[in-house]
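Have a look at the structure below before the remarks.
Since we're looking at a predicted model, the values are computed, not measured.
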Amino acid sequence: MNWKRWISVLAALSCTVCLAQQALTNESVVKMVQAGLSEGTILSMIRSQPGDYDVNPDAMAALKKAGVTDDEMAAMAVKGTTARVDSTYDNFGVGVYYKVKGLWDPLPTEQVNWKSGGALKSLATNGVIKEDTNGRLNGPTSPTKVFTPLDFLIETPDGIDATDFELVHLHQKKDAREYRLMTGGVFHSSGGAARDEVTFQQKRVARDTYEITLPPDLPPGEYAFLPPGYTGSSTQGTRGKAYTFHLTE
């Protein structure tokens, strides 16, 4: 019996018990391979444990060189970074959330109307916008005030990314807030007051759940997250609602 090999195997198994409490990584898989665990055992660990894997081409080439099998790498690619499921997200429903005193609260919605050719119509009862229009929310400001640092979370329907939502900077009027839409998306000029769309980054933290990173230089003012459905998406049940907030100085 090769005692040194079995000592390595036992050490690796002990390590996997510890890793059960945290996400597996590329390095974790390489350690199990080098310790001599069977492919079946490693695949079981990858499939059953949370994982945070780097699966870009260079990382995969390094894994192959370290002896990780094709099936093991395929299992890692399937899990990707989506396996880092945080139980605090389990009871979330589809929507936008913001962090208040360390807890996630749902961002309230407001009814959106759109006007075209002088007529004001409800998005809730009309189809896809087929011409340039102005979205309009009643009242000069959102009832929800937020402060920096900005922490947002979006829970999406199946098959939808957070970046399928659109974030718009609202123009304040005396008794309303407005943004401009165009066929196929939010109006996006090179700059100036007409630049309504705000780009943001997403990071998947659980199934259909994304943390949102907004630009660090986002100016104070009125904003709204628009769910898919305003400008061509087929997602149902969200048309006519916007998740609004007022960013204070």
Side-chain angles (χ1 to χ4, degrees), residues 89 92-101 103-116 120-126 128-129 132-157 160-182 185-189 192-202 208-233 235-249:
Y89 306 138
F92 282 16
V94 172
V96 181
Y97 300 81
Y98 70 114
K99 188 171 285 187
V100 181
K101 296 181 179 179
L103 299 175
W104 291 108
D105 282 351
L107 193 65
T109 62
E110 294 185 70
Q111 180 69 46
V112 179
N113 297 304
W114 62 276
K115 61 181 181 179
S116 178
L120 189 65
K121 300 179 181 180
S122 172
L123 275 172
T125 58
N126 287 274
V128 175
I129 295 172
D132 292 358
T133 63
N134 287 328
R136 181 182 175 91
L137 297 92
N138 292 330
T141 186
S142 170
T144 305
K145 305 297 188 292
V146 301
F147 306 88
T148 56
L150 299 175
D151 292 312
F152 287 100
L153 193 77
I154 296 181
E155 178 86 5
T156 66
I160 299 295
D161 286 343
T163 49
D164 290 323
F165 284 63
E166 290 174 307
L167 177 61
V168 293
H169 191 183
L170 305 175
H171 305 293
Q172 286 183 278
K173 307 295 182 180
K174 182 178 180 180
D175 60 351
R177 289 148 288 154
E178 294 185 351
Y179 59 90
R180 185 177 176 186
L181 290 174
M182 63 180 293
V186 175
F187 185 76
H188 197 166
S189 70
R195 187 186 179 99
D196 293 346
E197 184 179 17
V198 178
T199 58
F200 61 87
Q201 303 296 317
Q202 68 177 24
D208 299 324
T209 307
Y210 302 82
E211 287 183 355
I212 302 305
T213 302
L214 300 182
D217 57 349
L218 197 65
E222 300 293 326
Y223 295 88
F225 282 102
L226 308 179
Y230 287 90
T231 56
S233 170
T235 301
Q236 300 299 315
T238 58
R239 196 183 306 277
K241 296 292 185 180
Y243 300 87
T244 68
F245 62 94
H246 172 82
L247 176 59
T248 62
E249 296 188 35

Can you name the closest pair of heavy atoms from H169 and P220 and give their distance? NE2-O, 4.3 Å
Nearest non-hydrogen partners of Y243 and P227, listed with the distance: CE1-CG, 3.6 Å
For H171 and Y179, the nearest pair of non-hydrogen atoms, with its separation, is CD2-CA, 4.4 Å
Does a sphere of radius 6.0 Å around CD in Q172 hold more than 12 heavy atoms from other residues, nucleotides or ligands, not counting ones at 6.0 Å or beyond? yes
Do Q202 side-chain atoms and A162 backbone N/O form a donor-acceptor pair below 3.5 Å? yes
Using a 4.5 Å cut-off on heavy atoms from C-beta on, say whether the side chain of L107 contacts that of F152. yes
Minimum heavy-atom separation for F245 and V146, please, with both atom names. CD1-CG2, 3.4 Å
Is the closest side-chain heavy-atom distance between L218 and L247 below 4.5 Å? yes
Checking side-chain contact (heavy atoms from CB on, under 4.5 Å) between E110 and each of N138, T144, L137, which is the one that passes? L137
Over all atoms of both residues, closest heavy-atom pair of G139 and R177: O-NE, 2.7 Å
Are the side chains of V96 and F165 in contact, using a 4.5 Å heavy-atom criterion? yes
Non-hydrogen side-chain atoms of L167 and L214 separated by less than 4.5 Å: yes
Note: I160 and Y210 closest approach over all heavy atoms is O-OH, 3.9 Å
Report yes if some heavy atom in the side chain of E222 is under 4.5 Å from a heavy atom in the side chain of T141; otherwise report no. yes
With a 4.5 Å limit on heavy-atom distance, are the side chains of D151 and W104 in contact? yes
Between CG on residue L226 and CD on residue E197, distance to nearest 0.5 Å: 9.5 Å
Under a 4.5 Å cut-off applied to non-hydrogen side-chain atoms, are T209 and L153 in contact? yes
Mutual orientation of the aromatic rings belonging to F200 and F225 [parallel < 30°, tilted 30-60°, perpendicular > 60°]: perpendicular
